[in-house]
Asks: 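Have a look at this one.
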Amino acid sequence: MISTAKNLLNNEKGFVLGVSILISAILLLAGILALHTSNTEVLVVRNEGLLTREFYRAEGGAADALENYNTEPTSWLTDDFLLAGPQSAGRIVTSYSPDGLAAATVEARCIEETGTSIPGLGNTANHLPRLRHVGPPPMGSGFSMKYFEVRRYGVTATSSPGNTQVQIGAWKVFNKY
């Protein structure tokens, strides 16, 4: 019995086969892990690209609303908006991409001291910093404090899929009357 155990322990027949199976299993496992890591990285890059495009849609919608505040389809600074008063003036418009698809939904409202929520606007658009709506022009802006005043507005743009929001504060100079 002892000699059979010794023969089995000292027998190296089939050793290469066992080692090659072990190395093949290790390489197979490494390949599977590399494939899984590669797929995960591809998904991460894809999602990052989608979020970047959504951010640009929202940012473009906000910029469109600021540049074209009195031009359709992003006209929000209308006579009705200006006459409504800072606590109730709010407007929702849609910004379109050059190919005619909706890029972002834009919510514009006055920045004012009371923090009053405007019905119809989203939660983000209704939570702006509390500042005076009307104030003097910034120093160095080239506008006289005697003849001009500044009115502050908040513009919240939400990308068309709805996952990204950009919020911008802006001011517009008006003649005092």
Side-chain angles (χ1 to χ4, degrees), residues 32-143 148-175:
I32 290 171
L33 290 175
L35 185 63
H36 178 69
T37 302
S38 175
N39 284 341
T40 302
E41 289 295 322
V42 166
L43 291 175
V44 166
V45 168
R46 180 183 157 273
N47 288 339
E48 195 172 298
L50 289 173
L51 287 175
T52 301
R53 271 185 247 122
E54 279 196 36
F55 173 76
Y56 287 141
R57 283 184 185 140
E59 185 183 39
D64 185 25
L66 290 176
E67 290 176 12
N68 302 311
Y69 58 89
N70 60 354
T71 308
E72 291 297 332
T74 56
S75 176
W76 57 270
L77 196 59
T78 61
D79 290 341
D80 293 337
F81 184 91
L82 292 171
L83 295 173
Q87 285 85 17
S88 59
R91 183 93 194 265
I92 299 174
V93 295
T94 302
S95 175
Y96 294 94
S97 64
D99 54 359
L101 299 173
T105 302
V106 179
E107 299 170 288
R109 66 161 296 163
C110 298
I111 294 176
E112 45 88 26
E113 292 177 296
T114 64
T116 305
S117 291
I118 297 175
L121 294 184
N123 191 36
T124 306
N126 275 322
H127 286 87
L128 297 174
R130 294 181 181 190
L131 298 169
R132 284 186 2 192
H133 176 60
V134 178
M139 290 182 62
S141 65
F143 294 100
F148 297 98
E149 66 184 13
V150 167
R151 297 182 188 175
R152 295 175 180 89
Y153 301 99
V155 175
T156 305
T158 306
S159 64
S160 56
N163 296 323
T164 305
Q165 287 185 324
V166 173
Q167 196 168 57
I168 296 175
W171 51 268
K172 177 150 177 48
V173 177
F174 289 88
N175 292 329

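For the numbers below, each heavy atom of this structure counts, side chains included, while hydrogens, waters and symmetry mates do not.
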Asks: Run the side-chain contact (heavy atoms from CB on, under 4.5 Å) test on Arg109 and Asn126 for me, step by step, so that the C-alpha distance in whole Å, both residues' side-chain angles and the decisive distance to 0.1 Å come before the verdict.
Replies: CA-CA 8 Å; Arg109 66 161 296 163; Asn126 275 322; 2.8 Å; yes
Asks: Hey, is the main chain of Leu33 close enough, under 3.5 Å, to the side chain of Thr37 for a donor-acceptor pair?
Replies: yes
Asks: State the CZ-OG1 distance between Arg53 and Thr164, to the nearest 0.5 angstrom.
Replies: 11.5 Å
Asks: Atom CG in Asn163, atom CZ in Phe55: separation rounded to 0.5 Å?
Replies: 14.0 Å
Asks: Who passes ring-ring contact (aromatic ring centres under 6.0 Å, His included) against Trp171, sequence neighbours left out?
Replies: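 For Trp171, no residue satisfies ring-ring contact (aromatic ring centres under 6.0 Å, His included) once neighbours in sequence are set aside.
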Asks: Kindly give the heavy-atom pair with the smallest separation between Gly169 and Ile111, and that separation in Å.
Replies: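 Closest approach of Gly169 to Ile111, heavy atoms only: CA-CD1, 4.5 Å.
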Asks: For the atom pair OG1 (Thr105) and CD1 (Ile92), what is the distance rounded to the nearest 0.5 Å?
Replies: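 Going from the OG1 atom of Thr105 to the CD1 atom of Ile92 covers 8.0 Å.
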Asks: Rounded to the nearest 0.5 Å, how far apart are CD of Glu112 and CZ of Arg130?
Replies: 8.0 Å
Asks: Distance from Thr158 atom OG1 to Glu54 atom CD, nearest 0.5 Å?
Replies: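 It is 10.5 Å, given to the nearest 0.5 Å.
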Asks: Tell me the ring pair (Phe, Tyr, Trp, His ring centres under 6.0 Å) pairs involving residues 101-137, sequence neighbours left out?
Replies: His133-Tyr153
Asks: Does the side chain of Ser160 reach to within under 4.5 Å of the side chain of Arg57, using non-hydrogen atoms?
Replies: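 Yes. Closest side-chain heavy atoms under 4.5 Å.
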Asks: Show me the donor-acceptor pairs within less than 3.5 Å that the side chains of residues 74-90 make with the rest of the protein, sequence neighbours left out.
Replies:
{"unit_1": "Thr74", "atom_1": "OG1", "unit_2": "Asn68", "atom_2": "O", "d": "3.1"}
{"unit_1": "Trp76", "atom_1": "NE1", "unit_2": "Ala65", "atom_2": "O", "d": "2.8"}
{"unit_1": "Thr78", "atom_1": "OG1", "unit_2": "Phe81", "atom_2": "N", "d": "3.3"}
{"unit_1": "Ser88", "atom_1": "OG", "unit_2": "Ala84", "atom_2": "O", "d": "2.7"}

Asks: Looking at CG of Leu128 and OG of Ser117, how far apart are the two atoms once the value is rounded to the nearest 0.5 Å?
Replies: 10.0 Å
Asks: What closest approach, in Å, do Ala62 and Ala157 show between heavy atoms, and which atom pair accounts for it?
Replies: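 Closest approach of Ala62 to Ala157, heavy atoms only: N-CB, 3.6 Å.
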Asks: For atom CZ of Phe148, decide whether the heavy atoms of other residues, nucleotides or ligands shown that lie under 6.0 angstrom number more than 12.
Replies: yes
Asks: Between Ala58 and Ala104, which heavy-atom pair has the shortest distance, and what is it?
Replies: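 Scanning both residues, the minimum pair turns out to be CA-CB, 4.2 Å.
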Asks: Please give me the minimum heavy-atom distance between Thr156 and Gln167, naming the atom from each residue.
Replies: OG1-NE2, 2.9 Å
Asks: For residues Leu121 and Ala108, report the shortest heavy-atom separation together with the two atoms involved.
Replies: CD1-O, 4.2 Å
